[in-house]
Amino acid sequence: MNTYIGIDLGTSSVKLLLVGADGQIINSITKEYPIFYPQSGWSEQNPEDWLKATVDGMEELLNGYNRYEVKGISFGGQMHGLVLLDAEDNVIRPAILWNDGRTQKQTEYLNTVIGQEKLSQYTANIAFAGFTAPKILWVKENEPENFDKIAKIMLPKDYLAYKLTGVHSTDYSDASGMLLLDVQNKCWSKEMCEICSVDEKWLPKLFESYERIGQVRDEYNLPNAIVTAGAGDNAAAAIGTGTIKDGACNISLGTSGTVFIAQDAFSVDKNNALHSFAHANGRYHLMGCILSAASCNKWWMEEILRTQEFANEQEGLETYLGNNEVFFLPYLMGERSPHNDVNARGCFIGMRPDTTRKQMTLAVMEGVTFALRDCVEVAKASGLKIEKTKICGGGAKSVIWKKIIANVFGAPVSTLLVEEGPAYGAAILAMIGAGEYESVSVAVNKIVKTKETVFPDDMLTQAYERKYRLFRQVYPTLKNIFAQI
């Protein structure tokens with residue numbers, strides 16, 4: 001039986017799936033690695049930690065299984081991270097991650113001096129602090145000795161692909177988030193390379209996500225396995241949830257949160273509040289990204305309540321649905337869509353002497369959902385209509401959270417029979433690259449199945465509509481205070 005490995009290189013861990021050609025999951029392994037915060041608002045990891053965790057994870061994943069049956073490997077990966085290699089292929093400095101906020105100065109320079117109109121013309125997007133191009137400028141300005149050593153620029157998952165194959169590659173979906181790619185024309189932007197002092201030979205070769213980039217090197221003892229380019233985590237998750245038809249929507253509730261809307265044709269939101277990226281199926285998508293989603297719940301549970309019993313804390317929350325007076329702003333790492341504000345902070349508002357722990361727990365989940373709704377409102381203003389959505393990520397395991405989302409969005413929310421997000425999508429991409437299926441649509445139609453759907457309740461939807469209107473007033477009121485903090 002042919003098998004495939006899907007690798008999801010996340011922010012806190014790498015998840016590896018061994019998947020049969022029929023889509024059945026045979027084995028699963030997760031390996032954690034550290035994240036470092038050298039200064040407030042900074043976020044880094046060592047690429048070598050990713051590689052070790054992935055290689056060790058593959059050994060555990062395949063223990064007891066036939067390595068000769070593995071026909072392909074692919075990736076979903078945390079986006080935007082800056083990985084720099086020198087001429088000897090050594091990592092020059094720790095990778096600067098997607099949720100790192102140090103590039104406020106460089107982001108402002110790109111958006112104001114170069115100008116948002118030109119950026120959108122060159123790349124279909126404006127600058128956000130998490131994107132790769134501002135990070136390159138930051139290294140140039142603050143670590144010139146490191147900038148002078150650059151021979152290769154990579155994204156996180158592409159470092160793994162390079163080590164496994166020796167091929168310096170990336171795919172269009174992940175490259176879309178660098179602010180160096182001309183998304184509409186699917187080529188590197190010469191103008192952006194010049195602005196960022198990037199030699200185009202430093203950049204990887206571009207592939208569609210399902211295209212074969214090479215064979216696994218002999219040292220990894222997978223003699224029959226090819227490697228496909230893979231995709232950014234959200235595009236890979238969209239493959240894993242079958243979000244490929246024009247107008248289809250997927251919500252991802254991971255460390256960050258996204259609203260992903262598949263499109264057949266290229267388009268740009270007129271205010272660039274949503275990202276206009278290439279999709280892993282060879283087409284395009286619009287995406288709104290909030291920097292802190294399930295990570296807000298993790299912070300609240302583990303750091304504040306000091307508990308690991310997430311399910312216990314969510315018991316009884318239904319009592320407060322639609323009538324919770326407490327509000328939570330989920331901007332623990334600043335915010336990307338739609339505010340583009342690295343200074344934004346998290347906060348609770350509306351507590352009284354009788355406010356309960358349950359209300360604050362619910363407020364965290366509601367606040368994240370409202371922030372995702374902010375992204376949907378931008379899509380609606382652009383003429384898109386979201387009638388239903390799929391959901392994936394760690395937060396999707398929460399029954400109450402899915403109910404909140406269904407009522408805040410006023411739309412049915414469906415989970416999948418296989419809830420494995422980017423790693424599952426990566427395995428499907430590997431199947432296509434190896435010739436198991438002829439296209440993304442054929443594979444998805446064969447493999448991806450819906451498990452259950454949560455429908456909105458009219459009364460709750462109305463109640464949440466009122467609360468959302470109040471929520472939208474909180475950030476503008478506090479914006480100047482955040483900047484002063």
Side-chain angles (χ1 to χ4, degrees), residues 41-43 79-87 92-93 95-156 158 168-206 232 266-278 284 287 289 334 336-337 339-342:
W42 292 23
S43 179
M79 296 179 69
H80 315 302
L82 177 63
V83 181
L84 300 174
L85 301 189
D86 63 20
I92 294 171
R93 67 168 329 282
I96 306 175
L97 302 189
W98 60 272
N99 56 357
D100 186 287
R102 78 184 70 183
T103 62
Q104 183 178 6
K105 174 187 170 186
Q106 292 75 27
T107 302
E108 186 175 345
Y109 163 76
L110 289 169
N111 282 331
T112 58
V113 178
I114 302 302
Q116 294 187 1
E117 187 176 343
K118 282 189 176 179
L119 294 181
S120 185
Q121 177 187 338
Y122 297 153
T123 71
N125 296 278
I126 62 173
F128 289 80
F131 280 10
T132 317
K135 295 180 174 77
I136 295 170
L137 287 175
W138 185 92
V139 173
K140 180 186 175 187
E141 293 170 19
N142 294 275
E143 299 177 352
E145 71 286 356
N146 286 332
F147 188 84
D148 290 342
K149 296 177 186 175
I150 296 174
K152 292 184 178 69
I153 293 175
M154 298 182 181
L155 294 162
D158 303 325
H168 187 206
S169 67
T170 194
D171 76 289
Y172 294 111
S173 75
D174 212 359
S176 296
M178 295 179 77
L179 205 68
L180 294 173
L181 185 77
D182 177 344
V183 175
Q184 182 174 13
N185 296 305
K186 292 190 171 180
C187 61
W188 296 117
S189 166
K190 295 186 184 304
E191 294 88 351
M192 287 306 300
C193 286
E194 185 176 337
I195 289 165
C196 297
S197 300
V198 169
D199 188 329
E200 197 170 326
K201 70 182 180 184
W202 299 347
L203 298 173
K205 184 179 178 182
L206 290 157
F266 170 82
S267 73
V268 178
D269 147 45
K270 63 181 180 180
N271 296 314
N272 293 111
L274 299 180
H275 307 324
S276 182
F277 288 171
Y284 299 93
M287 185 175 72
C289 177
R336 186 183 295 177
S337 301
H339 303 308
N340 195 13
D341 184 358
V342 296

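Nothing fancy with the numbering, it's 1 onward along the sequence. Values in this document were obtained by computation on a predicted structure and should not be read as measured data.
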Peer 1: Got a sec: does the CD of Glu145 have more than 12 other heavy atoms crowding it under 6.0 Å?
Peer 2: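 Count over threshold, so yes.
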Peer 1: Show the nearest heavy-atom pair for residues Val183 and Ala124, with the distance to one decimal.
Peer 2: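 Looks like CB-CB, 4.1 Å.
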Peer 1: Assess the pair Trp202 and Phe147: is the distance between their ring centroids shorter than 6.0 Å?
Peer 2: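 They qualify: ring centres under 6.0 Å apart.
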Peer 1: Please name all residues satisfying salt bridge (charged side-chain N to carboxylate O under 4.0 Å, His left out) with Asp100, sequence neighbours left out, ordered by chain then number.
Peer 2: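 Salt bridge (charged side-chain N to carboxylate O under 4.0 Å, His left out) list for Asp100, sorted by chain: Arg102.
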Peer 1: With Gln106, which of Asn111, Val139, Asn142 fulfils side chain to side chain contact (heavy atoms under 4.5 Å, CB included)?
Peer 2: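 So the option named by the test is Asn142.
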Peer 1: Can Met79 and Trp98 be said to form a side-chain contact (heavy atoms from CB on, under 4.5 Å), step by step?
Peer 2: CA-CA 6 Å; Met79 296 179 69; Trp98 60 272; 5.6 Å; no
Peer 1: Can you name the nearest heavy-atom pair linking Ser276 to Phe266, along with the distance?
Peer 2: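 Answer, listing the atom of Ser276 first, then Phe266: OG-CE1, 3.6 Å.
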Peer 1: Looking at every heavy atom in both Ala129 and Thr103, which two are closest together, and how far apart are they?
Peer 2: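 Heavy atoms of Ala129 and Thr103 come nearest at O-OG1, 2.8 Å.
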Peer 1: Could you report the tightest heavy-atom contact between Cys193 and Leu203, atom names first, then the distance?
Peer 2: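 In this case the closest contact between Cys193 and Leu203 is SG-CD1, 3.7 Å.
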Peer 1: Which distance, rounded to the nearest 0.5 Å, do you find between the CZ of Arg336 and the CE of Met287?
Peer 2: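 Nearest 0.5 Å value for the CZ-CE distance: 6.5 Å.
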Peer 1: Rounded to the nearest 0.5 Å, how far apart are CG of Asp148 and CG of Asp86?
Peer 2: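 Atom-to-atom, Asp148:CG and Asp86:CG are 12.5 Å apart.
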Peer 1: Look only at the side chain of Trp42 and the backbone of Ile96, and say whether a donor-acceptor pair between them is shorter than 3.5 Å.
Peer 2: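 Judged by distance alone, no pair lies under 3.5 Å.
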Peer 1: For the backbone of Lys186 and the side chain of Asp182, can you confirm whether one donor and one acceptor N or O come within less than 3.5 Å of each other?
Peer 2: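 No, the answer is negative, given that no donor and acceptor are paired below the 3.5 Å cut-off.
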Peer 1: Nearest heavy-atom pair of Gly81 and Pro156: which atoms, and what distance?
Peer 2: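 Taking every non-hydrogen atom into account, O-CD, 3.4 Å.
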Peer 1: Please answer whether the main-chain N or O of Cys187 pairs with a side-chain N or O of Asn185 as donor and acceptor at a distance below 3.5 Å.
Peer 2: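 Checked: no pair found.
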Peer 1: If you define the side chain from C-beta out and look only at heavy atoms, does anything of Glu141 sit under 4.5 Å from Tyr109?
Peer 2: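 Side chain of Glu141 against side chain of Tyr109, heavy atoms only: no contact under 4.5 Å found.
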Peer 1: Verify side-chain contact (heavy atoms from CB on, under 4.5 Å) between Ile150 and Ile92, making sure each step is shown before the conclusion.
Peer 2: CA-CA 8 Å; Ile150 296 174; Ile92 294 171; 4.2 Å; yes
Peer 1: Report the C-alpha separation of Leu85 and Met154 in whole Å, then their side-chain angles, then the decisive distance to 0.1 Å, and conclude whether the side-chain contact (heavy atoms from CB on, under 4.5 Å) test is met.
Peer 2: CA-CA 8 Å; Leu85 301 189; Met154 298 182 181; 3.4 Å; yes
Peer 1: Say you draw a straight line from CG of Asp158 to NE2 of His168; how long is it, rounded to the nearest 0.5 Å?
Peer 2: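 Between atom CG of Asp158 and atom NE2 of His168 there are 7.5 Å.
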Peer 1: Main chain of Gln184, side chain of Tyr284: is a donor-acceptor contact present, judged purely on distance under 3.5 Å?
Peer 2: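 Confirmed, Tyr284 side chain pairs with Gln184 backbone.
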Peer 1: To the nearest 0.5 Å, how far apart are CD1 in Ile136 and CG in Leu84?
Peer 2: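 Those atoms lie 7.5 Å apart.
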Peer 1: Under the side chain to side chain donor-acceptor pair (under 3.5 Å) rule, what pairs show up with a residue in residues 115-140, not counting sequence neighbours?
Peer 2: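 Counting only pairs at least two positions apart or across chains, the side chain to side chain donor-acceptor pair (under 3.5 Å) contacts touching residues 115-140 are Ser120-Asn272, Lys140-Ser197.
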Peer 1: Please name the pair of heavy atoms, one in Ala151 and one in Ala87, separated by the smallest distance, quoted to 0.1 Å.
Peer 2: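 Between these two residues, the closest heavy atoms are CB-N, 3.5 Å.
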Peer 1: Can the ring centroids of Phe131 and His275 be said to lie less than 6.0 angstrom from one another?
Peer 2: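 Yes - the distance between ring centres of Phe131 and His275 falls below the 6.0 Å cut-off.
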Peer 1: Measure the CG-CD distance between Asn340 and Glu108 for me, rounded to the nearest 0.5 Å.
Peer 2: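 Here the rounded value is 10.5 Å.
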Peer 1: Atom CD1 of Ile114 and atom CG of Leu179: how far apart are they, to the nearest 0.5 Å?
Peer 2: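 Output value for this atom pair is 10.5 Å.
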Peer 1: Is any side-chain heavy atom of Leu110 closer than 4.5 Å to one of Leu137?
Peer 2: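 Of all side-chain heavy-atom pairs linking Leu110 with Leu137, at least one is under 4.5 Å.
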Peer 1: Just so I know, are the side chains of Val83 and Leu155 near enough to count as touching, which here means a heavy-atom distance under 4.5 Å?
Peer 2: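 A side-chain contact is absent here, since even the closest heavy-atom pair is not under 4.5 Å.
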Peer 1: Under the 3.5 angstrom rule, does the side chain of His80 hit a backbone N or O of Gly177 as a donor-acceptor pair?
Peer 2: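 Yes; at least one donor-acceptor contact below 3.5 Å.
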Peer 1: Is it the case that the side chain of Ser173 and the backbone of Gly232 share a donor-acceptor pair, with hydrogens and angles ignored and the cut-off at 3.5 Å?
Peer 2: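 Side chain of Ser173 to backbone of Gly232, a donor-acceptor pair under 3.5 Å: yes, one is there.
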Peer 1: For the pair Leu82 and Met178, evaluate side-chain contact (heavy atoms from CB on, under 4.5 Å) and give the outcome as yes or no after the intermediate values.
Peer 2: CA-CA 9 Å; Leu82 177 63; Met178 295 179 77; over 6 Å; no
